[in-house]
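Letters go in sequence order (proteins before strands), and every chain restarts at 1.
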Amino acid sequence: MKKLINRQPGRVATWALGLLPFALLLVVYLLASDARLEANPNDKLLPAFSAMGDAIQRMAFEPSKRSGEYLLWADTLASLTRLAIGVGISALMGLVFGIVTGTLPYARAGLSPLITGLSLVPPMAILPILFILFGLGELAKVMLIIIGITPFLIRDLQQRAREIPAEQVIKMQTLGANTWQIILRLVWPQIMPRLISAVRLSLGSAWLFLIAAEAIAATEGLGYRIFLVRRYLSMDVILPYVLWITLLAFAIDFLLARYSRWRYPWFHGSH
Amino acid sequence: MTRLLTTVCTTALLALTLAAPVQAQARDSFKVCWSIYVGWLPWDYGAAEGIVDKWADKYDIDIEVVQINDYIESINQYTAGQFDGCTMTNMDALTIPAAGGVDSTALIVGDFSNGNDGIVLKDADNLEAIKGRRVNLVELSVSHYLLARALDSVGLSERDITVVNTADADLVSAFNTSDVTALATWNPLLGTIKESPEANLVFDSSSIPGEIIDLMVVNTDTLKANPALGKALTGAWYEIMGHLDDSGFRQHLANVAATDLDGLRMQLDATRLFDQAEEAVAFTNSPALKDTMQKVAEFSFDHGLLGEGAPDAGFVGVATPAGVYGNSGNIKLRFDPTYMTMAAEGEL
């Protein structure tokens, strides 16, 4: 008999095993929900799927009675805008500072300790200071994302820039390239796919900071809605919103991965 | 296989503590929760000094008094069935447990806010100036209700302003930013904010006395099956109230609320505490309570707090001694002076 570590599940078995935990969770939820709804048909804690369906219908496809907006889409647009601006600026700063500190020893000596220090400050701990500096508007929300993920991006890209083989740098110099040309023609193209992979890794934190910022002060957004309806225990809205956020996060990650494979196939080892 | 699956699921269910709602049956052990607010601080004194235990022993039961740091979380825990009783305001009692189908009884009407909730503006000392501003507050809370009532009093409506939902923990630091020019909140936050030189209190709950009521709410089925719980809690409460002027009592409350005796006095002054059971009974029996609950229900309905299935403000019935407001076939919140009357007549 084959040893366990040598036994491979087939294609069907892989799928079935992958789906099994989801199915089990679903069954457990359904049983628990039914048990609670039987005791109290108005129970809000574990709503039936039909109740969640109604909530989705109401939030996504019917204009709100108060503002006339389609709440889910308005919230999604607001949140994605904040996320895109925050992550976009962070990625740009990460790219610039990462390349500069990664390639120029003088810049590294001057900036690296500061960036390392900043990256160790927990952004949530300095929230009250951020409020006073940036107010409670859109700026504060975007700034929280930027402060939260930029130091990580810079440090990661600095490391990646330093990992570029010295042979390549020397070769370019023997061919007569100056510093600017080395950065533009050698470092930058090699850093780009690594930037995308660093951004993918930091997206989880970016969502965290976005939702935290929206929970604190906002008039719309996915995090705002969740923390608002939490006040009256509307799990029928909260659970679909959580699934929706998960789906959005997955889609963004998937698109970035696809873009990276299409644009930088050499990085992924396929030619 | 089916059997195995069932066993696995059942085990998982048991592991999910939230899966088992509190069953209404005769028991001898109960849990009630409270959160930090001047009108509920006395519960901590009662628990610390053994007054609650003493009354529980008298009726042969156990009562555990648990402090929850987050007010809304405490109500959610009660609604989910983790506690038999919890402190909350009349509005939250209607919109969270009652609207969530948990039949709840206001066992003790402890006090009403008489200045503990207020609206503060910068650069203006009249309420009309709020028009067009962004108002920071905890959306859908009693502050929001207070704001709606305040706007009403000067002929404005919520359309004239923008409500910005702001976490209560961050309101004080928010007020120091230039973005924030108007906010509504409650004590002790209100007291801290009022100390700022640019703060002008333009409206407070003393203008709508008796509308923001602080209650000890218990699960109706549990109370019916266990009258001893109602008797013990009510008895303990009015014994605690007897210590209201003791310096030890005040010092204890001030310590728990992380303030000093002056700060505590300021909060108590803004609270109409019913330290005599007779007063609470009279307040509960008055027809004004029914009118108040109507206003609260209409506000809640307008803001979607009664659930999307609610066709009108009276969807969740509220029983008061003066009569039922709303749907008498769906009464989920009951103001019941029975136990307070027993306390007033010395029958506990």
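Atom CD of A:Glu220 and atom CG of B:Asn165 lie 12.5 Å apart (nearest 0.5 Å). A distance of 13.5 Å separates OG1 in B:Thr166 from CZ in A:Phe227, rounded to the nearest 0.5 Å.
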CA sep, side-chain torsions, deciding dist, call: B:Asn136, A:Leu136, side-chain contact (heavy atoms from CB on, under 4.5 Å): CA-CA 10 Å; B:Asn136 291 73; A:Leu136 282 178; 3.5 Å; yes

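Residue B:Arg334 qualifies as enclosed at atom CZ: its count of foreign heavy atoms under 6.0 Å is above 12. Within 6.0 Å of OH in B:Tyr37 there are more than 12 heavy atoms belonging to other residues, nucleotides or ligands. More than 12 heavy atoms of other shown residues, nucleotides or ligands fall within 6.0 angstrom of atom CZ in A:Phe49.
Neither the backbone nor the side chain of B:Asp168 comes within less than 4.5 Å of any heavy atom of chain A. Both the backbone and the side chain of B:Val164 come within contact range of chain A, with heavy atoms under 4.5 Å apart.
Of all heavy-atom pairs spanning A:Arg230 and B:Asn76, the tightest one is O-ND2, 3.5 Å. For the residue pair B:Thr79 and A:Arg36, the shortest heavy atom distance occurs at O-NH2, 4.2 Å.
With contacts defined as side-chain heavy-atom distances shorter than 4.5 Å, the pair B:Val102/A:Asn40 qualifies.
Here A:Ile216 is the residue among A:Thr219, A:Ile216, A:Leu127 with the most heavy-atom pairs under 4.5 Å with chain B. Counting heavy-atom pairs closer than 4.5 Å to chain A, the top residue among B:Ser178, B:Gly100, B:Ser141, B:Ala174 is B:Gly100.
Remark: B:Thr185 pairs with no residue by the side-chain hydrogen bond (donor to acceptor under 3.5 Å, both in side chains) rule, at least two apart or across chains.
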